[in-house]
Amino acid sequence: MTTAIRSEFDRGIALTRHPEEAGRYEAELGAGWQIGGGVNGGLLLAVAGHALSLEHESHPDPVSISGYYLSASTPGPATVRTEVLRTGRGLSTGTASLSQDGVERLRVVASHGDLSAADGEVRTSARPPQLPPPEQCIGVEHAPKELIAEAALLERFDLRLDPATVGWALGQPSGNGLIQGWFRLADGREPDPLLLLLVADALPPVTFDLGMPGWAPTVELTVHLRAKPAPGWLRVTHATRNLAGGYFEEDAEVWDESGRLVAQSRQLARAPR
């Protein structure tokens, strides 16, 4: 069985079930999802989350998913092996391991549910970021050439960054450790829970705003899915408050077109060298 392929993102996370080994899937990691020296961590998390969604038939959506990045993934074939640890009425929990040529790249633990059936009550003090309209923000076409050369995945996005948080592109980083903007896929695919796993790791590293350009490899990434996103633009913020010992945390929030907070994440990453 091969999963349906509708857009470039769907091709990026497409899986073929192994005919003989239960819980095993084959994937093809595309060169278009590279950043720095490897494939984007959010895309890898979406591949693993997709495999677990196929294992949990009644619980298709990741609710909480954590990935540990053990080695850098490269474009080419990959194998995902899953194990279901528990199946409950509201949540199912499992693990996934993504490997290439026998080398484990990513280990994931996740709980899946059905976000369509979630309780609609919301009590929150969180507020979406105040951004200029997308047409007044800075598109990928204005990004420095050296950034595009290091981040092929940006060409897959229609990303519009808040002008107030892109001083680093002009050699004037604010030092606040904040980058935010509007996000949607360049091919028009509407957002869903699996796409939110990519979005949580889609913006340039916040270390750019600290005056530290360069690749910032993810050590661990956890994403909490709070609701299915409405169609349209997503508003995304990435921020850090502490860089120490060569590592920094990056907190992300993703808001949908309706103003709903649909995903929150935190990752630990190595500071650029």
Side-chain angles (χ1 to χ4, degrees), residues 35-36 40-42 124-186 188 191 195-218 221 223-224 226 229-244 247-272:
I35 180 168
N40 172 260
T124 181
S125 61
R127 295 291 180 268
Q130 299 303 303
L131 302 174
E135 61 272 14
Q136 295 180 19
C137 291
I138 308 300
V140 172
E141 67 274 12
H142 300 296
K145 293 181 179 179
E146 58 271 20
L147 175 58
I148 296 297
E150 287 289 315
L153 83 165
L154 292 179
E155 298 182 66
R156 321 270 87 75
F157 303 161
D158 184 356
L159 180 62
R160 315 286 182 89
L161 296 180
D162 182 354
T165 66
V166 294
W168 49 267
L170 303 174
Q172 300 174 353
S174 74
N176 294 326
L178 172 67
I179 298 178
Q180 60 186 18
W182 300 90
F183 177 97
R184 63 185 178 187
L185 287 177
L195 180 62
L196 295 180
L197 302 183
L198 169 68
V199 177
D201 193 39
L203 270 59
V206 290
T207 42
F208 280 38
D209 194 43
L210 299 178
M212 302 174 68
W215 186 36
T218 301
L221 171 60
V223 185
H224 296 160
R226 313 310 302 270
W233 286 100
L234 298 169
R235 279 177 281 183
V236 189
T237 66
H238 283 195
T240 186
R241 296 189 300 169
N242 189 50
L243 187 155
Y247 296 89
F248 67 100
E249 94 287 345
E250 184 169 277
D251 293 323
E253 292 183 351
V254 184
W255 300 76
D256 72 4
E257 189 78 57
S258 73
R260 178 79 182 268
L261 179 59
V262 292
Q264 298 164 279
S265 73
R266 167 167 282 193
Q267 70 172 279
L268 183 70
R270 289 209 313 261

S.K.: Applying side-chain hydrogen bond (donor to acceptor under 3.5 Å, both in side chains) between D251 and each of R266, Q264, H238, report the one that passes.
M.R.: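 That would be R266; it is the only one of R266, Q264, H238 passing the side-chain hydrogen bond (donor to acceptor under 3.5 Å, both in side chains) with D251.
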S.K.: Please test L210 against T240 for side chain to side chain contact (heavy atoms under 4.5 Å, CB included), starting from the C-alpha separation and ending with a verdict.
M.R.: CA-CA 10 Å; L210 299 178; T240 186; 4.1 Å; yes
S.K.: Is there a side-chain contact between L185 and F157 (heavy atoms, below 4.5 Å)?
M.R.: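 In contact.
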S.K.: Looking at every heavy atom in both L234 and D256, which two are closest together, and how far apart are they?
M.R.: CD2-CA, 3.8 Å
S.K.: Please evaluate residues L197 and L221 with respect to the criterion side chain to side chain contact (heavy atoms under 4.5 Å, CB included), reporting the C-alpha separation (whole Å), side-chain torsions for both, the decisive distance (0.1 Å), and the verdict.
M.R.: CA-CA 10 Å; L197 302 183; L221 171 60; over 6 Å; no
S.K.: Would you indicate whether the side-chain heavy atoms of W168 and P213 approach each other to under 4.5 Å?
M.R.: no
S.K.: Counting C-beta onward and ignoring hydrogens, is there a side-chain heavy-atom pair between P132 and P163 closer than 4.5 Å?
M.R.: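 Yes, side chains in contact.
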S.K.: Could you measure the distance from the CG atom of L159 to the CZ atom of R184? Nearest 0.5 Å is fine.
M.R.: 11.5 Å
S.K.: Quick one: closest heavy-atom pair of A126 and L261, and the distance?
M.R.: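 Heavy-atom minimum between the residues: CB-CD2, 4.2 Å.
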S.K.: Report yes or no: does D209 contribute a side-chain atom to a donor-acceptor pair with the main-chain N or O of I179 at less than 3.5 Å?
M.R.: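 No: the side chain of D209 does not pair with the backbone of I179.
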S.K.: Grab the two heavy atoms, one from G214 and one from P205, that are nearest each other, plus how far apart they are.
M.R.: O-CG, 4.2 Å
S.K.: Is there a side-chain contact between L196 and V223 in this structure, where contact means two heavy atoms from C-beta onward sitting under 4.5 Å apart?
M.R.: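 No - every pair of side-chain heavy atoms lies 4.5 Å or more apart.
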S.K.: Please name the pair of heavy atoms, one in C137 and one in L161, separated by the smallest distance, quoted to 0.1 Å.
M.R.: CB-O, 3.2 Å
S.K.: Are the side chains of N40 and D201 in contact, using a 4.5 Å heavy-atom criterion?
M.R.: yes
S.K.: Hey, are the side chains of P191 and V199 touching, using non-hydrogen atoms and a 4.5 Å cut-off?
M.R.: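 They are not in side-chain contact.
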S.K.: Taking all heavy atoms of M212 and all of A271, pick out the closest pair and write down the distance.
M.R.: CE-CB, 4.0 Å
S.K.: Are side-chain heavy atoms of R235 and Q180 found at a separation under 4.5 Å?
M.R.: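 Not in contact.
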S.K.: How long is the span from the CD atom in E250 to the OG1 atom in T237, to the nearest 0.5 Å?
M.R.: 9.5 Å
S.K.: Apply the test side chain to side chain contact (heavy atoms under 4.5 Å, CB included) to residues R260 and W255: give CA-CA distance (whole Å), side-chain angles for both, the deciding distance (0.1 Å), then the verdict.
M.R.: CA-CA 5 Å; R260 178 79 182 268; W255 300 76; 5.8 Å; no
S.K.: Nearest 0.5 Å, please: how far is CG in L178 from CG in D162?
M.R.: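 Answer rounded to 0.5 Å: 7.5 Å.
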S.K.: Answer yes or no: does atom CZ of R160 have more than 12 heavy-atom neighbours from other residues, nucleotides or ligands under 6.0 Å?
M.R.: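 Enclosed: over 12 neighbouring heavy atoms sit under 6.0 Å from CZ of R160.
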S.K.: Could you go step by step and tell me if F208 and L203 meet the side chain to side chain contact (heavy atoms under 4.5 Å, CB included) rule?
M.R.: CA-CA 11 Å; F208 280 38; L203 270 59; over 6 Å; no
S.K.: Under 4.5 Å between any side-chain heavy atoms of W233 and D158, yes or no?
M.R.: yes
